[in-house]
There are 2 protein chains.
Amino acid sequence: MPYELHYWPMIQGRGEFVRLALEEAGVDYIDVARRDDDDGGIEPMLDRLADPQNPRPPFAPPFLRDGAIVIGQSAAILLYLGPRLDLVGASEPDRIWTHQLQLTIADAVDEAHDTHHPLGVGLYYADQKPEALRRAEGFRAERIPKFLGYFERVLTANGGEHLVGSTLSYADLSLFQLVAGLLYAFPKASAAALRDTPHVARLHEAVAQRPRIAAYLASDRRIPFNEDGIFRRYPELDG
Amino acid sequence: MPYELHYWPMIQGRGEFVRLALEEAGVDYIDVARRDDDDGGIEPMLDRLADPQNPRPPFAPPFLRDGAIVIGQSAAILLYLGPRLDLVGASEPDRIWTHQLQLTIADAVDEAHDTHHPLGVGLYYADQKPEALRRAEGFRAERIPKFLGYFERVLTANGGEHLVGSTLSYADLSLFQLVAGLLYAFPKASAAALRDTPHVARLHEAVAQRPRIAAYLASDRRIPFNEDGIFRRYPELDG
């Protein structure tokens, strides 16, 4: 039975970290809300989210269904998929460390999101633009260099090519996605930060060239970045 | 060798989720930055954070040292400690589900923090007060009820007493802490939300009455809530 991913069909968002893992592994999966037949669309996703029969409901998309088990929270989904897709080491220290990196990537993603929604998700960007300008300033000046500098330190200590061990892990895929998103949303600030973090820049390029990832990125399964997602190109926020 | 917790000594913060697990388990641990001898204080914590010999450094406090292993990210620390402290079920589905709940609690904690720092951590509260007022409005009206309502649904489906299975897990301890923090920071809004989520309210009371937790809360090991932490009592933000 293929994995069933449930996520908003119009954005990469947090679902993309799961998609990249499934794509790199080359496994069969259904992107439920993007199907255009009777079994697909947003409605089955929302029905499953609210399913009163499920005693372990996810809080929000993305969530993954694998037979009888339903898992929400992108980091928890990757914790579950990692060993199954051979995208994490076998030892407990490797698994915890990979997960720790994933959680730090998720923190960076949250902060990137908050640059355009500092006052919360209940208001439009247009209603919080002055606040967004102030929040983005600190994100560009302090946070992008701090996060990328941290991953540079980790890569350097590990030989430069992978975050964990000597093979690809889901954390590498997620770091690729973080960098891709930052380059989309903050092209000037991110390019500047990447000049100081050459291993991070190279990992981003190397992941993009992996055969299955390259095929995925060129396909229509990869939703283009857009201004409904987490990473939004509002030039005024790039300084 | 006792566990060594590293976290800012003046606030509960994200370290508190780890402290509660260690206290409930009754294990020996050292709260490194709170020691006042030569081996304690903030300096050894910052030294270990920046340790060039550690190829797997944490990004930020809290982090836990257990012999040769160092783990950052509070949710990852609990993932590691859960089985060791008997605060999570033995099956993989139970462990993933408990972790998923922890990550959702962490999301709520992040949003509580952002009510007083909507423009980022680089500015003081006094410099972002009008923005904080706007952000807190949505948090009180929409987010507190949504998060507590979700945990009420989970508790109800599981018999009312625990979030997972029939025994205490680290997610129960963390939900206690979330509720305690919300009641401190937003006493009016939280009391109103808890009237609609009676199982959540009872879990908060039941955890506070567990012998080891009650002893901990009454001790000076429990740092009082204060206006440097995540949960801050700024009456203007409670509506």
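Each chain gets a letter, A, B and so on, in the order the sequences are listed, and its residues count up from 1.
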Non-hydrogen atoms of chain A under 4.5 Å away: do they reach the side chain of B:Glu142, the backbone, both or neither? neither
Of the non-hydrogen atoms in B:Ala76 and A:Ile96, which two are nearest, and what is the gap between them? O-CD1, 4.2 Å
Calculate, to the nearest 0.5 Å, the distance between atoms CG and CD belonging to B:Asp110 and A:Glu111 respectively. 9.0 Å
I want to check something: taking the side chain as every heavy atom from C-beta on, are B:His99 and A:Leu79 in contact at a cut-off of under 4.5 Å? yes
Where on A:Tyr80 is there a heavy atom nearer than 4.5 Å to chain B: the side chain, the backbone, both, or neither? both
In terms of heavy-atom proximity below 4.5 Å to chain A, should B:Leu123 be classed as side chain, backbone, both, or neither? side chain
In terms of heavy-atom proximity below 4.5 Å to chain A, should B:Phe151 be classed as side chain, backbone, both, or neither? neither
Against chain B, work out which of A:Gly72, A:Pro55, A:Gly122 has the most heavy-atom pairs shorter than 4.5 Å and name it. A:Gly72
Student check: side-chain heavy atoms of B:Ile69 and A:Glu92 closer than 4.5 Å: no
Using non-hydrogen atoms only, which part of B:Asp94 is less than 4.5 Å away from chain A: side chain, backbone, both, or neither? both
Salt bridge (charged side-chain N to carboxylate O under 4.0 Å, His left out) between B:Glu131 and A:Arg134, worked out: CA-CA 11 Å; B:Glu131 294 81 6; A:Arg134 284 179 72 195; 3.4 Å; yes
Can you name the nearest heavy-atom pair linking A:Pro57 to B:Arg153, along with the distance? CB-NH2, 3.1 Å
Tell me if the CG atom of B:Asp127 is crowded by more than 12 foreign heavy atoms within 6.0 Å. yes
With a 4.5 angstrom heavy-atom cut-off, which part of B:Ile71 approaches chain A: side chain, backbone, both or neither? both
Is chain A contacted by the side chain of B:Asn158, its backbone, both, or neither, given a heavy-atom distance below 4.5 Å? neither
Side chain / backbone / both / neither for B:Pro58 at chain A, heavy atoms under 4.5 Å: both
CG (A:Asp86) with more than 12 external heavy atoms under 6.0 Å: no
To check you understand the geometry: which heavy-atom pair defines the closest contact between B:Asp107 and A:Gln73, and what is its length? OD2-NE2, 3.0 Å
Do the side chains of A:Gln128 and B:Pro118 get nearer than 4.5 Å, heavy atoms only? no
Determine the minimum heavy-atom distance between A:Gln100 and B:Val70, stating which atoms define it. OE1-O, 4.1 Å
Hey, can you tell me if B:Phe147 and A:Phe59 have their rings parallel, tilted or perpendicular (30° and 60° cut-offs)? parallel
Value for OG1 (A:Thr115) from CG (B:Leu119), rounded to nearest 0.5 Å, stands at 12.0 Å
Would you say A:Glu43 has more than 12 foreign heavy atoms packed within less than 6.0 Å of its CD? no
